[in-house]
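Right, one structure below, let's go through it.
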There are 2 protein chains.
Amino acid sequence: MTSRKSVVCKDKEYAKCALAFHKKMKGKLEVISKQQLKSEADWSTMYTPGVGAVSSHLAKHPEQAREYTIKSNTVAVISDGSAVLGLGNIGAIAALPVMEGKCAILKEMAGVDGIPLVLGTQDVGELVRTIELLSPGLGAINLEDISAPRCFEVEEALKKKLDIPVMHDDQHGTAMVVLAGILNAAQVVGKDMKKLKVVIVGAGAAGHAIARLLLVAGIKNIVVTDRTGAIYVGRKGVVEYKRKLAKVTNPNREKGSLDEVIQGADVVIGVSGPGTITKEHVKSMADDAIVFALANPVPEIMPSEAKEAGAKVVATGRSDFPNQVNNALAFPGIFKGVLDAGITEIDDAMKVRVAYAIAGLVKKPTVESIIPKVTNPKLVKTVVKAVQGK
Amino acid sequence: MTSRKSVVCKDKEYAKCALAFHKKMKGKLEVISKQQLKSEADWSTMYTPGVGAVSSHLAKHPEQAREYTIKSNTVAVISDGSAVLGLGNIGAIAALPVMEGKCAILKEMAGVDGIPLVLGTQDVGELVRTIELLSPGLGAINLEDISAPRCFEVEEALKKKLDIPVMHDDQHGTAMVVLAGILNAAQVVGKDMKKLKVVIVGAGAAGHAIARLLLVAGIKNIVVTDRTGAIYVGRKGVVEYKRKLAKVTNPNREKGSLDEVIQGADVVIGVSGPGTITKEHVKSMADDAIVFALANPVPEIMPSEAKEAGAKVVATGRSDFPNQVNNALAFPGIFKGVLDAGITEIDDAMKVRVAYAIAGLVKKPTVESIIPKVTNPKLVKTVVKAVQGK
């Protein structure tokens, strides 16, 4: 095993460091044997002839795979490379370093074994069938960096077909952490969470999932915008998933651009790209505005600008500003929780429980602390308990 | 990480030990991060934002995947569960413990990272397409425990389609170690290897590959038998791959049962099942007969019986008899060799080099020592050199 001292990166030049680091390491993961292979008993128990007894047993009792194999603790982290970070459709191979990173996080934070897989197709049918065929030996599926609306179709089809948990983390991981942040932010500004008016800028995978989870959590006045403006029932030329979203959001049928619908909003959540939220937008919001600018690495609006424009609480996706919305707060504990308890579905009620649990880790929420850090020692245990309803 | 003391198994009750061991371990592999995730630099270099630079770089230079990702050192060990050990078509889940075992061997012996994958289909087209779609992030493919003749079709199609090495180990791993054993056995009995008459009992994946590799190595008189008897040009009702095999083997067009064609043979290689080779068969062979009885765990004929019937050299697939034909002698070094050198195909010339290299590890072959042990400290290095033609 390689040395595991902390990475040294001078002057926070992370792009440069990451390139050099990845080249030196040639990938971030190793697959190791839990057991050495030295004695005859090692060989004969781990492999033939002993392993034949295990295979024979599982041939008769395939439902016991989790008791005898790595299915017990394995999550495949799978991408087609169609929406990698904020970089877009850069293909399977370019997605691999991100999948490896997620597997490293799964193991380091929660002891879960991740298998990074990048697939050479972006066809919905082929993705679904390939993942279905891979599933017998897997404990759970983490879909990653798949573009909307294909990600919805792939996830929905797999959830129906498979008897193991499936989660597209860009959707649900983000949504859970955003909900956790909103819960504490509402407390900080002294507003009733359920009465907040929330505008979501961006109707992709994350925006869609955030809207749906906030609804489940009881927030009623949510307006989602895309490049055209507000999404509402009856808007022309809108793809199916946005039409469905329109039916459950935007209760006042607000039309028009972001400039218009953001006026008087209590919360704006950017899941789009740099520059889409301006100081003027924030100025037009209600007092004590809450701004989540989650585009990465360059947020929709910089925290300093948002504050100057009157925002009270600001969150971003970055670790170098306060209040980082980081999926790693949720997914390691989620997968550990479902695997350990043999839970076969990650449902809305579970997601809300996890969001409340993550929010609860911040004992006294303040303007600069609405979201716990990934280094919080209670984090994974707390999420696991929430997953398991304990 | 779990304790890595040797397994304790009393009285060599390996079936019992293996069941208890697998249940305790819940699978034999872990996926670990080469790097800890503690400092901000760890997170920012391993994951966002730094990893974005690596993904961007690979989007422009996908051909550099081996320099920056686990593609450099990763072999997928893939089965459809159609021919697991000697247990037959017991399905994907029942195959998983064997795939895990091979991955453990890859890492423990050669430092190669194996990903065990069991697929929920036995359709040739689906297997080929699924593995093709998985290939972008993989360094090589080890096909395993796939039944004949599908294994030939799957391997052939993948070798054509993919730019990474593909090897069905049940065929070629076995063939290389058998050839190594034959080389030394011929020396022990003082016969010219190329002039041996070899009878192969069993025309499945292993029998087929052994015949083809012995031909490449210069042995001319090879007769392959199946349940019906000798395979020869013109035999009626024979499947395509056996017809092709008939064209290159059995130069004297011998017909009839094993009882007939084994008479006067110098070598018999059993890759079938218990009881197919009898003492009478061995008695009818030439003097100083060489008997490879490779069915596992119960050989075609027990070594003591073969010896009583006049065999000079006997090999089996078992570790508790002398001369174990063990695929683990070949595949770890093969995959390390191709991965480290960026070799994209495992060809016949390479297989012959590897067989000679393995044979050469036995300095003075004797009746009880024609094949080195997997614990031979020079083994992997020697195979790697042979793979790379050094």
Side-chain angles (χ1 to χ4, degrees), chain A residues 2 4 6-7 9 14-15 17-19 21-22 25-34 36-39 41-42 44-47 49-55 58-59 62 65 68-70 72 84-85 90 92-94 96-98 101 104 107-108 113 118-121 130 133 136-137 297, chain B residues 2 4 6-7 9 14-15 17-19 21-22 25-34 36-39 41-42 44-47 49-55 58-59 62 65 68-70 72 84-85 90 92-94 96-98 101 104 107-108 113 118-121 130 133 136-137 297:
Chain A
T2 338
R4 283 170 45 94
S6 270
V7 176
C9 183
Y14 294 128
C17 291
L19 274 167
F21 170 83
H22 283 74
M25 303 297 258
K26 294 192 165 188
K28 290 173 283 202
L29 305 172
E30 282 183 79
V31 184
I32 61 168
S33 172
K34 291 180 183 172
Q36 65 180 7
L37 276 175
K38 294 235 162 107
S39 71
D42 294 336
S44 303
T45 309
M46 295 272 285
Y47 201 57
V51 74
V54 184
S55 288
L58 291 178
Y68 291 90
T69 73
I70 59 163
S72 55
V84 180
L85 306 172
I90 56 174
I93 283 175
L96 186 53
V98 181
K107 189 65 173 180
E108 290 294 301
D113 300 307
V118 292
L119 303 181
T121 181
T130 302
L133 294 180
Chain B
T2 337
R4 281 170 46 92
S6 270
V7 176
C9 183
Y14 294 128
C17 290
L19 274 167
F21 170 83
H22 283 75
M25 303 297 257
K26 292 190 165 190
K28 290 173 283 202
L29 305 171
E30 280 184 81
V31 183
I32 62 168
S33 173
K34 291 180 184 173
Q36 64 180 9
L37 276 175
K38 293 233 163 108
S39 71
D42 294 336
S44 303
T45 308
M46 294 272 285
Y47 202 58
V51 74
V54 184
S55 288
L58 291 179
Y68 290 90
T69 74
I70 59 164
S72 55
V84 181
L85 307 172
I90 56 174
I93 283 176
L96 186 52
V98 181
K107 190 65 174 182
E108 290 294 300
D113 300 306
V118 290
L119 303 181
T121 181
T130 302
L133 294 179

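Numbered from 1 within each chain, the chains take letters A, B, ... in sequence-line order.
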Any idea which of A:V51, A:L133, A:I93, A:I90 has the most non-hydrogen atom pairs under 4.5 angstrom with chain B? A:L133
Where do A:T45 and B:Y14 come nearest, in terms of heavy atoms and distance? OG1-CD2, 4.1 Å
Which atoms of A:L85 come close to chain B, meaning under 4.5 Å heavy atom to heavy atom: side chain ones, backbone ones, both, or neither? side chain
Quick check on the interface: out of A:G27, A:S39, A:A18, who has the most heavy-atom pairs with chain B under 4.5 Å? A:G27
For B:S6, does its backbone N or O pair with a side-chain atom of A:K38 as donor and acceptor, under 3.5 Å? no
With respect to chain B, which residue among A:S55, A:S72, A:C9 yields the maximal number of heavy-atom pairs within a distance under 4.5 Å? A:S55
Any donor and acceptor pair, going by atom type alone, linking the side chain of B:K34 with main-chain N or O of A:E30 inside 3.5 Å? no
Residues two or more places apart in sequence or in another chain: which of them pass ring-ring contact (aromatic ring centres under 6.0 Å, His included) with A:Y47? none
Does any backbone or side-chain atom of A:V84 lie under 4.5 Å from a heavy atom of chain B? Answer side chain, backbone, both or neither. side chain
Residue set satisfying salt bridge (charged side-chain N to carboxylate O under 4.0 Å, His left out) with A:D42, at least two apart, ordered chain then number -> none
Among B:A104, B:G137, B:P136, which has the most heavy-atom pairs under 4.5 Å with chain A? B:P136
Least distance between heavy atoms, A:V54 atom then B:H22 atom: CG2-ND1, 3.4 Å
With chain B as the partner, which of A:A15, A:C17, A:P97, A:A65 has the greatest number of non-hydrogen pairs under 4.5 Å? A:P97
With side-chain contact (heavy atoms from CB on, under 4.5 Å) as the test, pick out the partner of B:D113 among A:I32, A:L29, A:V31. A:V31
Does B:R4 offer a backbone N or O that forms a donor-acceptor pair with the side chain of A:Q36 under 3.5 Å? yes
Please determine, among B:G120, B:G101, B:P297, the option with the most heavy-atom pairs under 4.5 Å with chain A. B:G120
Could you check which of B:A41, B:G52, B:S44 has the highest count of heavy-atom pairs closer than 4.5 Å to chain A? B:S44
